[in-house]
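Values below: all heavy atoms of this structure, side chains included; hydrogens, waters and symmetry mates excluded.
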Amino acid sequence: MTTKQADQDIKAHFSFAPGINDSSTVVGLPSNPGSGATGGSTSPYSQIDVRNVYFQFGNNDWGTLKFGRDIGLFGQNIILSDMTLLGVGGTSNASIPFNTTFGMIGHGYMYTGFQAQITYTTPTVNGLSASGGIFQPSSFAGSQTKTPGFQAKVDYDWKGAVPGKLWGGMVTQSTSCSKGSTCDGVGTNPDKSFTATGYEAGVKAGANGFEGVLYAFSGKGLGLSTVGAQFFGGSDGSGNKTDSTGYFLQGTYQHNKTKFGINFGQNKDKDGAVGLGEERKNKSYTLGVYHSLNKFVTLVGELNQEKITETAGNVEIKNRTLSAGAILFF
């Protein structure tokens, strides 16, 4: 819903993302009746995720303020540039109870998430704009959070014969008590401060139906990038941080109503939650075809190949996924 009052553009947004997965082998019932949607990975009903609940106001003179739950700033541009966002992509982590496919999350970038925030975005001046905000903190590495998280990004858009976008972003959050839940300062692991940080940079440009995307990020204590979620597995529980890096490349070509594309990405985690001196790596590529049947229906076909390696236990997993389907926009 949008309106304009006293020279202020006002917007309120609510969205509902339903899932259709059900792991039950009993039609009409979960495999563990009574547990409901939050009962664990063996028995979810179809779930509804209220992803966006926010309002914002502002104008082109001073910018915009947003209050509520919406997509994060760190990792926002790359997930919205991923062609497999509207398809399937990798399937290693896309299992019940998530009720969604993951695209290339965990294979080139980390999931930005939909987070409670207060964010300010500047007016766009000669293609340049910036956003910064405070975010609801998570006790991901302890049981105390004294300050909110902070995220920011800067975008530069240009036009011309080869239009495109260049961006950079960051995220940081601090907690205390990196082990245990009492934070009483006794024992072999007394209170410790813990700060997670992440940095990213990306560029995309296109002409004559072709478009290319290049992206890279790094994180320290930010979480297991091979899972893809921020603030999950950022340390070993004793304050030793997980080091994460990743990169993503994509090329697409639009011919009439059909888009053809290929992308490749890798995320790598070292130390921290994967173990001192250990490493976990996700690699994946996707070949995709996306045909717009009309303004409501898009047909999708993808071939995805994944390879997951872990030095701990000398693990190697390969997945190949062939998917086809349709997307309804309304």
Side-chain angles (χ1 to χ4, degrees), residues 71-82 89-90 92-93 102-115 117 131-142 145 147-155 167-176 178-179 192-203 213-249 264-284 308-312:
I71 191 169
L73 298 179
F74 182 81
Q76 178 186 131
N77 287 345
I78 187 59
I79 192 172
L80 297 178
S81 301
D82 181 2
S92 293
N93 295 321
F102 273 26
M104 292 290 280
I105 295 171
H107 307 83
Y109 60 90
M110 296 183 72
Y111 182 45
T112 179
F114 291 81
Q115 307 174 49
Q117 60 188 274
S131 298
I134 55 174
F135 286 71
Q136 179 175 315
S138 170
S139 56
F140 60 96
T145 54
T147 57
F150 178 77
Q151 297 184 32
K153 71 184 182 79
V154 177
D155 299 322
W167 73 89
M170 61 86 65
V171 57
T172 184
Q173 188 195 321
S174 296
T175 67
S176 61
S178 62
K179 185 175 183 180
K192 296 175 68 175
S193 62
F194 185 101
T195 299
T197 55
Y199 302 94
E200 64 173 349
V203 61
V213 180
L214 299 173
Y215 172 83
F217 78 91
S218 66
K220 193 171 185 63
L222 187 59
L224 286 167
S225 70
T226 48
V227 175
Q230 296 179 37
F231 309 123
F232 175 79
S235 78
D236 61 357
S238 297
N240 301 305
K241 298 180 180 181
T242 306
D243 291 329
S244 305
T245 57
Y247 63 88
F248 177 86
L249 304 92
F264 175 83
Q266 173 183 289
N267 280 9
K268 182 171 67 174
D269 296 318
K270 293 177 61 178
D271 301 330
V274 296
L276 183 62
E278 304 292 351
E279 178 181 285
R280 179 187 296 168
K281 185 186 299 183
N282 285 5
K283 287 184 179 180
S284 180
I308 302 169
T309 57
E310 298 182 28
T311 57

Could you tabulate the donor-acceptor pairs under 3.5 Å formed by side-chain atoms of residues 267-276, not counting sequence neighbours?
| from | atom 1 | to | atom 2 | distance (Å) |
| --- | --- | --- | --- | --- |
| N267 | OD1 | G108 | N | 2.8 |
| N267 | OD1 | Y109 | N | 3.3 |
| N267 | ND2 | Y109 | O | 3.2 |
| N267 | ND2 | S225 | O | 2.8 |
| D269 | OD1 | S225 | N | 3.0 |
| D269 | OD1 | S225 | OG | 2.7 |
| D269 | OD1 | S244 | OG | 2.7 |
| D269 | OD2 | S225 | N | 3.1 |
| D269 | OD2 | T226 | N | 2.9 |
| D269 | OD2 | T226 | OG1 | 2.6 |
| D271 | OD1 | G277 | N | 2.8 |

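- The only member of K241, Q173, M110 that meets side-chain contact (heavy atoms from CB on, under 4.5 Å) when paired with L222 is M110.
- For the atom pair CD of Q76 and CD1 of I71, the computed distance is 4.5 Å after rounding to the nearest 0.5 Å.
- To the nearest 0.5 angstrom, N282 atom CG is 8.5 Å from E310 atom CD.
- In this structure the side chain of E200 reaches within 4.5 angstrom of the side chain of F74, judged on heavy atoms.
- A distance of 12.5 Å separates OG1 of T172 from CZ of F135, quoted to the nearest 0.5 Å.
- Within a 6.0 Å radius of CZ in F232, other residues, nucleotides and ligands contribute 12 heavy atoms or fewer.
- Shortest non-hydrogen contact noted between F194 and G234 is CZ-O, 3.7 Å.
- Of the options T195, D243, T245, a side chain to side chain donor-acceptor pair (under 3.5 Å) to K220 is made by D243 and by none of the others.
- Under the side-chain contact (heavy atoms from CB on, under 4.5 Å) criterion, T147 pairs with no residue, sequence neighbours left out.
- Q230 places none of its side-chain heavy atoms less than 4.5 Å from the side chain of Y111.
- Summarising the geometry, atom CE belonging to M104 is positioned 10.5 Å from atom CD belonging to Q266; distances are rounded to the nearest 0.5 Å.
- Rounded to the nearest 0.5 Å, atoms OG1 (T197) and CE (M170) are 7.5 Å apart.
- With contacts defined as side-chain heavy-atom distances shorter than 4.5 Å, the pair N77/Y215 does not qualify.
- Under the 4.5 Å side-chain criterion, counting only non-hydrogen atoms from C-beta, I79 is in contact with I105.
- Here K283 pairs with nothing under the salt bridge (charged side-chain N to carboxylate O under 4.0 Å, His left out) rule; sequence neighbours left out.
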Does the side-chain hydrogen bond (donor to acceptor under 3.5 Å, both in side chains) test come out yes or no for T311 and E278, once each step is laid out?
CA-CA 6 Å; T311 57; E278 304 292 351; 2.6 Å; yes
Quick one, Q151 with Q115, criterion side-chain hydrogen bond (donor to acceptor under 3.5 Å, both in side chains). Give me CA distance, side-chain angles, the key distance, then yes/no.
CA-CA 11 Å; Q151 297 184 32; Q115 307 174 49; 3.2 Å; yes
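- Inter-residue side-chain proximity for F248 and D82 is flagged as met; some heavy-atom pair is nearer than 4.5 Å.
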